[in-house]
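Here the structure comes first, spelled out in structure tokens, and everything after it is commentary.
In this text, all values refer to a predicted model and were calculated from it rather than measured experimentally. For the single chain, residues carry numbers from 1 onward in sequence order.
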Amino acid sequence: MKQRSILQFNFRLIVVLALAVICWQSAFTSARAVVTETPHSISQLSWMTGDWQTVGKTKIEEHWMAPAGGTMIGMGRTLRGDRTTEFEFLRIQERDGEIYYVANPLGLCPATDFKLTKLTSDQVVFENPQHDFPKRVSYRKNSDGSLTATVDGGPGTKANTFAYRAMARK
């Protein structure tokens with residue numbers, strides 16, 4: 001009788017341990033799947049690196065440094081004739097596991113953050129639905145090597161598009 005109760009206890013212990021191992025393995029596999037998902041990396045935006053300008057009476061320039069240290073530093077300038085009419089300090093930065101486009105138009109503080117919402121090999125979209133305008137900023141690398149930037153008030157609104165070509169260095 002005593003041996004039978006020991007066997008029942010051992011059997012129950014084995015069942016409990018087996019269930020614990022199965023639960024642990026399932027939880028570990030789920031947690032591992034979350035950890036191994038590939039988050040976006042700022043290095044995926046290296047195609048934006050360089051000096052860009054629009055063509056026309058009004059020239060808009062953007063200059064982007066290569067990704068390093070979790071950031072890309074940029075600046076923009078609008079020229080009408082021989083006068084600077086606007087400028088902007090820009091950065092794209094990794095922060096808290098996310099990527100943000102941060103704009104300081106006219107050097108104003110605080111800066112405005114736009115969170116990355118889409119990233120492919122040739123397009124990036126950043127959004128801030130709470131901002132007045134723009135609510136969305138996007139860049140696209142074109143097959144001819146040029147760059148297109150678009151700002152708009154969100155889906156379904158009129159977009160302002162800027163066609164940039166690589167600047168010749170002087």
We want to know whether [X] and [Y] form a side-chain donor-acceptor pair, criterion being a heavy-atom distance below 3.5 angstrom.
X: Tyr139; Y: Tyr101; value: yes
X: Thr71; Y: Gln93; value: no
X: Asn160; Y: Thr150; value: no
X: Tyr164; Y: Glu62; value: yes
X: Gln123; Y: Lys141; value: no
X: Thr85; Y: Arg80; value: yes

Intermediate values then yes/no, side-chain contact (heavy atoms from CB on, under 4.5 Å), Thr78 and Lys59: CA-CA 6 Å; Thr78 302; Lys59 280 189 187 172; over 6 Å; no
side-chain contact (heavy atoms from CB on, under 4.5 Å) assessment of Asn104 paired with Arg91: CA-CA 9 Å; Asn104 293 81; Arg91 73 182 178 274; 4.0 Å; yes
Donor-acceptor pair, distance only, cut-off 3.5 Å: does the side chain of [X] make one with the backbone of [Y]?
X: Asp152; Y: Gly154; result: yes
X: Lys135; Y: Pro129; result: yes
X: Asn142; Y: Gly145; result: no

Is the shortest distance from a Lys or Arg side-chain nitrogen in Glu98 or Lys115 to a carboxylate oxygen in the other one below 4.0 Å? yes
Hphob cluster co-occupancy, [X] + [Y], side-chain heavy atoms under 4.5 angstrom:
X: Met75; Y: Met65; answer: no
X: Leu108; Y: Phe87; answer: yes
X: Val137; Y: Phe133; answer: yes
X: Trp47; Y: Trp64; answer: yes

Separation between CD1 of Ile99 and CE of Met72, rounded to the nearest 0.5 Å: 10.5 Å
Do Phe162 and Val151 have side chains that approach each other closer than 4.5 Å (heavy atoms only, starting at C-beta)? yes
Is NZ or CZ of Arg95 both nearer than 6.0 Å to the six-membered ring centre of Tyr100 and within 45° of the ring axis? yes
